[in-house]
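As structure tokens, the structure follows; a few thoughts come after it.
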Amino acid sequence: QGRGPAGDLPASPAASPGLAARAVSSNSLASTPRGHTGEVAGALNEIVDHLWPRISAYTTEMLLTEVQPAMQDSLPKLLEGMSFHPDKCHLGKNPLQFRRIHIDRESQCTADGDINNLAIQARFE
């Protein structure tokens with residue numbers, strides 16, 4: 001198969017039926033060295049770091065008010081009364097760290113015509 005302008009190999013359409021074909025870079029996100037943070041990822045990490053306490057609190061609230069009642073309604077009688085502990089049900093103090101983010105434009109052919117999409121790939125720890 002031929003390579004694209006950046007040494008990219010075309011993705012196999014059979015690998016992802018219904019999705020637009022996209023170039024797969026030989027310098028993929030999986031090849032990001034451990035601990036390395038790209039420029040865009042670094043900027044996003046600053047935002048996530050600032051928002052992390054709110055993200056964690058929101059997640060806890062959703063688990064307690066939305067997930068827990070649905071879970072309790074589905075539990076057998078033997079497990080009745082099981083619940084999430086509010087002080088232990090959180091995402092932790094250390095925020096998610098993005099290492100590398102890759103954003104591509106891709107076209108997708110649909111029955112209604114072509115659609116232009118943004119394909120976002122990220123590596124995080």
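Predicted model only: the values in this text are computed from it and were never measured.
With side-chain heavy atoms closer than 4.5 Å counting as contact, directly or through intermediates, the hydrophobic cluster containing M62 also holds Y58. Through direct or indirect side-chain contacts shorter than 4.5 Å among Ile, Leu, Val, Met, Phe, Trp and Tyr, L78 is connected to no other residue.
Remark: I47 engages L51 in a side-chain contact (heavy atoms from CB on, under 4.5 Å) (not counting sequence neighbours). For the side-chain contact (heavy atoms from CB on, under 4.5 Å) test, residues two or more places apart in sequence or in another chain that qualify with T110 are Q108, D112, I115. With sequence neighbours left out, E80 forms a salt bridge (charged side-chain N to carboxylate O under 4.0 Å, His left out) with K77. By the salt bridge (charged side-chain N to carboxylate O under 4.0 Å, His left out) test, K88 pairs with no residue at all, sequence neighbours left out.
F84 CZ: more than 12 foreign heavy atoms inside a 6.0 Å radius. Residue N94 places its CG atom among 12 or fewer non-hydrogen atoms of other residues, nucleotides or ligands, all under 6.0 Å distant.
Between Q72 and M82 the shortest side-chain heavy-atom distance does not fall below 4.5 Å. A heavy-atom distance below 4.5 Å is found between the side chains of L63 and T59.
Annotation: the span from Q97 atom CD to L44 atom CG amounts to 9.5 Å, rounded to 0.5 Å. Between the CG atom in L79 and the CE atom in M71 there is a gap of 9.0 Å [rounded to 0.5 Å]. Atom OG1 of residue T60 and atom CG of residue L91 lie 6.5 Å apart, to the nearest 0.5 angstrom. Atom CZ of R123 is separated from atom CD of Q121 by 12.5 Å, given to the nearest 0.5 angstrom.
Residues S107 and N116 have side chains that bring a donor and an acceptor to within less than 3.5 angstrom of each other.
Annotation for S56 and H90: closest pair OG-CB, 3.4 Å, computed over non-hydrogen atoms. Of all heavy-atom pairs between R100 and A41, the closest is N-CB, 3.8 Å. Across all their heavy atoms, Q68 and L64 have their closest contact at CB-O, 3.6 Å.
The backbone N or O of N45 sits nowhere less than 3.5 Å from a side-chain atom of D49 that would complete a donor-acceptor pair.
Placement of I101 and L96 within a single hydrophobic cluster is found when ILVMFWY residues are connected by side-chain heavy-atom separations under 4.5 Å, directly or transitively.
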